[in-house]
Every structure is written in C-alpha cells, then in structure tokens.
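Encoded as structure tokens, here's the structure I'll be asking about.
The chain is numbered in sequence order, starting from 1. Note that the structure is predicted; figures quoted are calculated from it, not measured.
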Amino acid sequence: MCGIVGYTGKESALSPVLEGLRRLEYRGYDSAGIALTVTQGAPLWVAKRAGKLGNLESTLDVVPESHSGIGHTRWATHGGPTDSNAHPHLDNEGKLALIHNGIIENYVELRAKLEARGHTFISETDTESVVHLLSDARKAHAGDLAAAMREVCKELRGSFTLLAIHSDEPGRIVGARRNSPLVVGVGDGENFLASDVSAFISHTKRALELGQNEVVDMNASAIIITDLDGNVLPHKEYEISWDAAAAERGGYDHFMLKEIYEQPKAVADTLIGRTEGLDPEITAGIDFNAIDKVVIIACGTAFHAGLVGKYAIEKWADISVDVELASEYRYREPNVTSKTLVIPISQSGETMDTLMALRYAKEHGAKIFSVCNTNGSTIPRESDAVLYTHAGPEIAVASTKAFLTQLIAMYLIALHMGTERKKLSASEHALLADEISSLPSKVEQVLETVEPLRELTRKFKDATSMLFLGRHVGFPAALEGALKLKELAYMHAEGFAGGELKHGPIALIDQGTPVIAIMPSVGSLLHEKMASNVQEVKARGAIIIAIGDADLASADYKVRIPSTHEFLSPVLSVVPLQVIAYEMAIARGNDVDQPRNLAKSVTVE
Ligand code: AGP
C-alpha cells in the first residue's frame, strides 16, 4: 500500500500535502515525495527522499509558493526504497508528475515500447512506465490531461490509484482508480484527493466516492468525474463520520481488524501476474533442477507458513523439504551444499534469528530465495532471489495478512518449481492455479461469516487454556491459531497434530476444556481420522469448536468455511482463528495492536 495525497486551493499546497502524508505514513514509509506546480510551463518543483517522511521534511527549508500539488509515501513493490524509485515520477521534461499506489502488471512491456519511442527511464519502478505513457497520451490529446488519463487507464493491467499534475495547468489535478482506493475531499475554495479520508479529515468531512475505472478532474472550484469513455458521472457525496485516528484505521477499532479484512486484497495482490509461473526477475536465475534439497527457515507465524509450504513443495515439486526454526538452525551446524535451496520467510525482512540462519546457509554455499513483505529490507538484500508478498504494511504486531500472503508465496514457489522440474503437467499446474486464484473471494466469504465468533469467543474468555487440533496442513494451522491466542489473549494455548493427542497430551482434557478442531475436507480419509480424535476428547469433557467445509455432528459449535484444495485450506481455516484471538483479546481488555512483551520485528537474537 502507499499513501496518496493531492491538494488544490486557496492555501499554500505544501502544508495540506505534508499533513496528509503524515496521516497516511502508516500505509507506507520506505520513501516519500512531493511535486508542486509553481510557474506555468516551467518544470515542476519536486522533492523526494528514501526513508521516512521526516527525511523528506528535513530537506524542505526553502519551498516556493504553490497552490496545487501531490504527495506520496511509498510501500515498495517494484524497485527498492531509493531516492530515484521514490514517487513522484516525472516525464523527461520534468513538467508532468505522477504518483501511484498499486501494481501495474504489464509495466515491462510498456517500458520496452516507451524506451523504443525514446523515453529515458531512471527508476526500477512499474510506475515510471505510466508517467511516460501519460506524457505521450497528453500530447495526443492536445494537452488534455484528463482525456490522456482515460486513455492510459485503458492500457494498464493491474491495480492503480493515480494522481497527475502538469506545469502547464497549475491548480489542475487528475486522478484515476482501479482496485485501489481514492477518495475526494470537497472543501470551500479547495479540494483534496487521498488514499483515505484521514489525509484531509481535519479540513473537510465532505467526501465523494470514486468507483472502479473512474477519472476525477479537479481544481479549487470544480470537480468532474467521468468513466473511461469520458461520460460525466454524478457525484456520490457523503459525510465522513470518523475522527482522524479512526480514519487512519479505516474506521476499524484496531489495525489488526483492518488487516484481517485486508486479506482478500493482500492475497489478490500477491497473486497478480504470478500463477502461471514466476518471472526471471524474481527467481534470478536459480536453477531449480540443480537443487536436491529445500530448507525453509523462519520464526513464529512465518515458520507456520513454512510448515504448510513443505506439503505443497514436496508434493508438487517432488523434492525433500525441511522446515527449521531459524533460531535453532545454525547451532545444529546442519549439512548445507551448493545444491541446497534455502527459503527464509520474513514479513519484516529484519528478524535477526532468520538473518543469521540465512548467513550460515549462504556461507556454506546454499542458494537463498527469500519470501518477504518489506521491499529493500536486509533479508532480501542478502538473498540471491526474492519473492515479495504484497500485503502492504502490517502495523499490528500479530501477523495476519502477511501470514496469508506467505502461504500464497509458498504455493507460487511450489507451482513454479513443480513445472520447472517437470513434475507438474501443464493441466495440473492450470488446475492448481485456478483454485489458488479463487482464494481471495473465498477469504472474502469467510469474513462475511465471522460475526458470530464475537459471542462464541466470550463464552471462553475465562478459560485457562485452549487446545487446537489439526492434521496434515491443518496441523500448522492449529499451531498458528494457538500462537495468535497466546500473543493476543495472554492465554495458554497449544496446537497438536490430531493423531498425537492420545500419546500424552489428552491427559490435558478436563470437563469443559475448549478444543478447536480444524477439520480436513469432508469425505477425505483425514476427515474421518480427525472426527475420531474429536470424539476422543469430547468423551473426556472437551467442548468442541469445529472449523471445516461441512458441519461436524459431534461439535458443540460449527464454523463453516468454503471447500478448497486440501493444501490451500489453511488460507481459509486460519481466518476464524485470527478473529477468535482478536475477540478474546478484546474480551480480556488487552492491547490488540501492541500486545505486552512483543515487538513487530525482533531484530535481536
Ligand atoms: C506473529 O504474529 C508474530 N508477530 C511473530 O511470530 C512473527 O511472525 C515472527 O517474529 C517473524 O517475524 P518476521 O516474519 O518479520 O520475520
């Protein structure tokens, strides 16, 4: 995610743009930039810096007077967090500036076409292809920036929020959106554009909705909204009811809840352009046929994603996979060769345990292919290749959307390796890719049914312990559910393989012990086995909450999730577990976004 701000009006533009960026910095903070229209027809005034917004602000000692401008805080998807990759991006004359949130799927082909036309590129971003395309389109439309924007949007594939200004027309801002947020703030003699209302809520509570593939053309006194064919659309105005803090959380009570509900988009964004196979720019020439062993290294939630990845990679790529706790790995002095592929998984890219394990493996000749959510962080920088997840910034300490996108990354790597190693036929790959592509909507379906979990969770708010049972990929899901409850509700919780209970842990079951059972798909052999495990604990007094794609007769409470391929089921079964942990934390009066004793990134060993 990135933060997008535009201002045009009676005030000096710098102040409302900077204020908006401060309010949106939670959406992205690896670089920031501003462009202002100052003198008609002269190059725009632009300042942009890698790092947090404060880095940029420290350079703004002399800024010319301007009444319209755009600003951007970046969460890098293509190209690391550098000054040149920071937005705004400019045409070659420096008179047209563009900022972007989203992922342009066809930017490589667009860039080749534009370079052939003589455009010079200075960044690694997907966005820069758009500003040069817009420059050509504007010339073709006799300088009409809105008409040019409409034409460009028709040529783009992927998701975008775009804002553009040109120095020929100080005061005019043109914006467009597709599968990425953009909202209009309606002021008195001034107007605003932003990713969300928190950017301008202190100036106005009047907002206009923008729909899919709509273009907004505005100045200080007029706002025109059209579709991509130029048909003018009626304004859909509404009153903003939130305060500024609630607005930063998108109206949700906590960032964690917001991030739980962002999961369908996070999964969809991580899938864009990748289900048919991973681009060479991602795999960086790793020869998957020269690999004889895969080792996944990670911590906490990321480790649980790795456990699920083991099933998919072993089955689809027909290769042995070990999953190691990063903090244990190097002290075992494991066998590593040049034929070992090590996959570190890390949301932050800064976890010291994982970084030290990576360094050990690299020193011993392994190829490093990391999965990370933070572009340009240390772990990807020290890897041979990296598959970035596109969950956007995850503010809450408890990992939710990052976890689901780590699962998606595991499936994408397993698919890619399976095809590269000729273990998956084209039809098998296509079938799996289709089911994986259906996951965003299936996660959406789960989120539409979680409301009753609030009341259910409160029945157990005084429990001293909760057990989670799962089999096959349901076992890592059980481990993740237990971790969520521990770190949010400060309640003892433990995940078990269903078949393991009778070998000791069943002694924990007492009258009324809450047990969450993650059920394999109905009709599968493992479903019957799990049903037996549920009977075993129920017979000893447990209260059963069953999560599955069918009702389990012996369960006291049932949470239904859609059916999917068995390997993909944790993407759906974990969502109710996240919500249960969230609701338990609320019921117990805990700090949801910053639970006690924890940090978002553990940068010490
Ligand atoms: C998960 O809810 C925790 N925040 C924690 O287990 C986390 O997953 C772990 O510390 C790894 O962090 P990383 O993904 O940034 O490397």
Side-chain angles (χ1 to χ4, degrees), residues 2-25 31-49 53-74 83 86-101 127 130-131 134-135 138 143-146 148-149 161-176 182-195 198-204 216-224:
C2 301
I4 294 263
V5 179
Y7 174 83
T8 177
K10 59 198 178 197
E11 302 295 333
S12 164
L14 180 67
S15 172
V17 169
L18 273 180
E19 179 194 347
L21 292 181
R22 284 186 208 103
R23 290 221 178 269
L24 294 179
E25 199 169 15
S31 60
I34 292 179
L36 301 173
T37 54
V38 178
T39 308
Q40 185 167 18
L44 296 164
W45 181 89
V46 178
K48 54 185 192 173
R49 283 287 181 285
L53 182 58
N55 276 16
L56 175 68
E57 290 184 288
S58 66
T59 69
L60 303 180
D61 41 13
V62 178
V63 178
E65 184 61 14
S66 164
H67 292 277
S68 67
I70 55 179
H72 186 271
T73 56
R74 186 168 181 242
D83 291 355
H87 301 211
H89 289 285
L90 303 172
D91 66 348
N92 289 143
E93 299 172 302
K95 295 182 179 180
L96 174 68
L98 177 92
I99 56 178
H100 166 229
N101 177 33
T127 307
V130 182
V131 72
L134 188 63
S135 174
R138 186 176 171 277
D144 183 342
L145 190 56
M149 181 67 84
T161 301
L162 299 169
L163 293 193
I165 56 175
H166 196 286
S167 65
D168 286 352
E169 299 178 276
R172 186 181 190 186
I173 305 177
V174 173
L182 181 61
V183 62
V184 179
V186 183
D188 176 10
E190 58 186 10
N191 289 313
F192 305 79
L193 282 164
S195 310
S198 61
F200 55 71
I201 197 167
S202 58
H203 297 271
T204 177
V216 54
D217 182 1
M218 67 192 249
N219 59 30
S221 55
I223 299 169
I224 301 168

Is there a side-chain contact between L193 and I4 in this structure, where contact means two heavy atoms from C-beta onward sitting under 4.5 Å apart?
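No, every pair of side-chain atoms sits at 4.5 Å or beyond.
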For residues 89-98, which residue pairs qualify under salt bridge (charged side-chain N to carboxylate O under 4.0 Å, His left out), counting only residues two or more places apart or in two chains?
none
For the atom pair CD1 (I34) and CH2 (W45), what is the distance rounded to the nearest 0.5 Å?
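Atom-to-atom, I34:CD1 and W45:CH2 are 6.0 Å apart.
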V216 and side-chain contact (heavy atoms from CB on, under 4.5 Å): which partner among V174, V184, I224?
V184
Output all residues satisfying side chain to side chain contact (heavy atoms under 4.5 Å, CB included) with S12, sequence neighbours left out; order by chain, then residue number.
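Expected list: L14, E65.
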With L36, which of V46, V63, L44 fulfils side-chain contact (heavy atoms from CB on, under 4.5 Å)?
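Option passing the side-chain contact (heavy atoms from CB on, under 4.5 Å) with L36: V63.
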Non-neighbouring partners of Q40 that pass side-chain hydrogen bond (donor to acceptor under 3.5 Å, both in side chains), sequence neighbours left out:
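Result, side-chain hydrogen bond (donor to acceptor under 3.5 Å, both in side chains) vs Q40: none returned.
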Excluding sequence neighbours, so at least two apart, what forms ring pair (Phe, Tyr, Trp, His ring centres under 6.0 Å) with H100?
none
Contacts of N92 that satisfy side chain to side chain contact (heavy atoms under 4.5 Å, CB included) - sequence neighbours left out
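H119, T120, H132.
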Minimum heavy-atom distance I165-G69, with the two atoms named
CD1-CA, 4.3 Å
Candidates L163, I99, T127 - the one meeting side-chain contact (heavy atoms from CB on, under 4.5 Å) with P88:
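Checked L163, I99, T127 against P88; only one passes side-chain contact (heavy atoms from CB on, under 4.5 Å): I99.
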Close side-chain approach of Y7 and I173, heavy atoms under 4.5 Å
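Result no, sub-4.5 Å side-chain heavy-atom pair not found.
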Closest approach of T59 and N55, non-hydrogen atoms and distance?
CG2-O, 3.4 Å
Keeping the roles fixed (side chain from E190, backbone from E11), state whether a donor-acceptor pair exists under 3.5 Å.
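Not confirmed, E190 side chain does not pair with E11 backbone.
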Not counting sequence neighbours, which residues clear side-chain hydrogen bond (donor to acceptor under 3.5 Å, both in side chains) with S202? List them please.
E19
Could you state the interatomic distance from CG (L134) to CG (L96), rounded to the nearest 0.5 Å?
5.0 Å
Give me the atom names and distance for the closest heavy-atom approach of V186 to T204.
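Looking at all heavy atoms of both residues, the shortest contact is O-OG1, 2.7 Å.
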Kindly say whether G3 contributes a backbone atom to a donor-acceptor pair with the side chain of S195 at under 3.5 angstrom?
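Flag not set: sc S195 to bb G3 has no pair under 3.5 Å.
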Residues which pass ring pair (Phe, Tyr, Trp, His ring centres under 6.0 Å) with H203, listed by chain and number, not counting sequence neighbours:
F192
Taking all heavy atoms of L21 and all of G33, pick out the closest pair and write down the distance.
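For L21 versus G33, the nearest heavy atoms are CD1-O, 4.1 Å.
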Please give me the minimum heavy-atom distance between C2 and R74, naming the atom from each residue.
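The answer is SG-CA, 3.9 Å.
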Among residues at least two apart in sequence or on other chains, which ones pass side-chain hydrogen bond (donor to acceptor under 3.5 Å, both in side chains) with S68?
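S68: side-chain hydrogen bond (donor to acceptor under 3.5 Å, both in side chains) contacts with T37.
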For A199, give me all partners under side chain to side chain contact (heavy atoms under 4.5 Å, CB included), at least two apart in sequence or on another chain.
V5, L24, A194
S135 meets the side-chain hydrogen bond (donor to acceptor under 3.5 Å, both in side chains) criterion, sequence neighbours left out, with K139
For the atom pair NE2 (H72) and CG (L98), what is the distance rounded to the nearest 0.5 Å?
9.0 Å
Rounded distance [0.5 Å steps], CZ in R22 versus OG1 in T73:
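So the CZ of R22 and the OG1 of T73 are separated by 12.5 Å.
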Under the salt bridge (charged side-chain N to carboxylate O under 4.0 Å, His left out) definition, can you give me all pairs with a residue in residues 33-49, not counting sequence neighbours?
none
Measuring from atom CG of L18 to atom CG of L53, what distance do you get when rounded to the nearest 0.5 angstrom?
6.0 Å
Pairs touching residues 163-175 that satisfy side chain to side chain donor-acceptor pair (under 3.5 Å), sequence neighbours left out:
R138-H166, R138-D168, D144-R172, E169-R172, R172-D217
Considering all heavy atoms, the nearest L182-L162 contact:
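Smallest heavy-atom distance, with atoms named: CD2-O, 4.4 Å.
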